[in-house]
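All remarks here apply to the structure that follows.
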Amino acid sequence: MPNKRIQIFDTTLRDGEQVPGCQLNTAEKIEVARALESLGVDVMEVGFPISSPGDFHSVQKIAGIITESTVCALSRAVERDIEVAAQAIEKAKHPRIHTGIGTSESHIYDKLKSTPEKVIERGVAAVKYAKSFVEDVEFYAEDAGRTDNVFLAKVIEAVVAAGATVVNIPDTTGYCLPWQYGEKIKFLKENVKGIDNVTISTHCHNDLGLATANSVAGVVNGATQIECTINGIGERAGNASLEEVVMILRQHKDLHYDTGVNTRLLKSMSELVSSKMRMPVQPNKAIVGANAFAHSSGIHQDGVIKSRETYEIIDPLEVGVDESSIVLTARSGRAALNFRAKRLGFDVSREDMEYYYEEFLNIADEKKVVQDQDLIVLFSKTAVKSA
Ligand code: KIV
Ligand code: ZN
């Protein structure tokens, strides 16, 4: 069975950059955009040009530089937004305008003070207007996660007929459970005329920690584009994390999906975004966290030393991490201590190891993590240095 190609739409420079304190200047945005292109993302959403002159300028610059990935600009379903977005991406080799409107009851009545009929009219008009500037127009139904599926299907059918090439189904508030989000995509697949001629996109937020799971549920039910960010950064609890969705599709060969991402660049991409945005990555973050390939308990260390696969489902090299690490703490065992001794060039006999292990535990209780320097001092006491 051939693999199905899933498009990766990165929105680090738009949804990700909305995080308070994470705003980047144009030079920084260009650096991140170039790195995203090397990473192999299919689409990069690089800003919301109407929002500020600085954002307009950054989008315009990036549009003139990036040649491989599609460059996308966000707009509301407002003519002026669309004109400014179109102007900003005028020079892009592959331009896309992303326009849309809220479709849930709360968005229609409370935010927009409108009606369902008028929302459909505005969505259709926005897509038609965007089509007068570019061929590739993506429509988002904001808060689709809490939108009634029958009404959502009506909206999507209308914007597809108006010429949308991609339809984005955002779970804007991160409310859906994976099977609900999956059913939503399936419902659209089965009930919207013309849906097979367009790309269905997922856009999941992480308010309940389900953004990645929901994105995968969307794909399994027919979506072929995932919107995500590096390190999962984004509004509130963030967006689906690019490194997580990409590695899930790659590791689960049984699902038969592919992306164009060069996974060996994931770790350096994560570090770049973290440092530019001054946003540390939590140590236990899947794939790119400092502890993602670190083993500290004696049982796990013994297993990993015998065979990496006992406690690792990903080869760290695949994501650009040089090797798994054995962290020596008071929970570590003799196997890990002996392994580290050998690496440091000390040949420790079984009898000596008993003495060293007792000493090691005392140091570990005091220092929490035992460093190589501590071990060199310890083993130098009486151990024989190997040739
Ligand atoms: O979360 C959301 O609904 C969005 C849209 C603007 C696509 O970010
Ligand atoms: Zn979003």
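This is a predicted model, so every value here is computed, not measured. In listed order, ligands and their atoms are each counted from 1.
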Which of the atoms in ligand 1, numbered in the order shown and given with their element, are less than 4.0 Å from a heavy-atom of [X]?
| X | result |
| --- | --- |
| His203 | 1 (O), 2 (C), 4 (C), 7 (C), 8 (O) |
| Glu142 | 3 (O) |
| Pro170 | 2 (C), 3 (O) |
| Asp15 | 8 (O) |

(request) Compute the centroid of each ring, for His203 and then for Tyr140, and state whether the two points are separated by less than 6.0 Å. (result) no
(request) Verify whether the ring centers belonging to His98 and Phe48 lie closer than 6.0 Å. (result) no
Quick one: look up the protein heavy atom nearest [atom] and list residue, atom name and how far away it is.
| atom | answer |
| --- | --- |
| atom 8 (O) of ligand 1 | Arg14 NH2, 2.9 Å |
| atom 1 (O) of ligand 1 | His205 NE2, 3.0 Å |
| atom 3 (O) of ligand 1 | Thr172 OG1, 2.7 Å |

If you measure from the Lys or Arg side-chain nitrogens to the Asp or Glu carboxylate oxygens, is any gap between [X] and [Y] under 4.0 Å?
| X | Y | value |
| --- | --- | --- |
| Glu105 | Arg146 | no |
| Arg343 | Glu323 | yes |
| Arg96 | Glu135 | no |

(message) Please report, to 10°, the angle around the Zn ion (ligand 2) from atom NE2 (His205) across to atom NE2 (His203).
(response) 100°
(message) Counting only nitrogen or oxygen atoms and a 3.5 angstrom limit, does Asn168 reach ligand 1?
(response) no
(message) Minimum heavy-atom separation for Asn231 and Ser270, please, with both atom names.
(response) OD1-OG, 2.8 Å
(message) Hydrophobic cluster membership, with links at side-chain heavy-atom distances under 4.5 Å among I/L/V/M/F/W/Y: are Val155 and Phe187 in one?
(response) no
(request) Confirm or rule out an N/O/S atom of Asp15, from backbone or side chain, lying less than 2.8 Å from the Zn ion (ligand 2). (result) yes
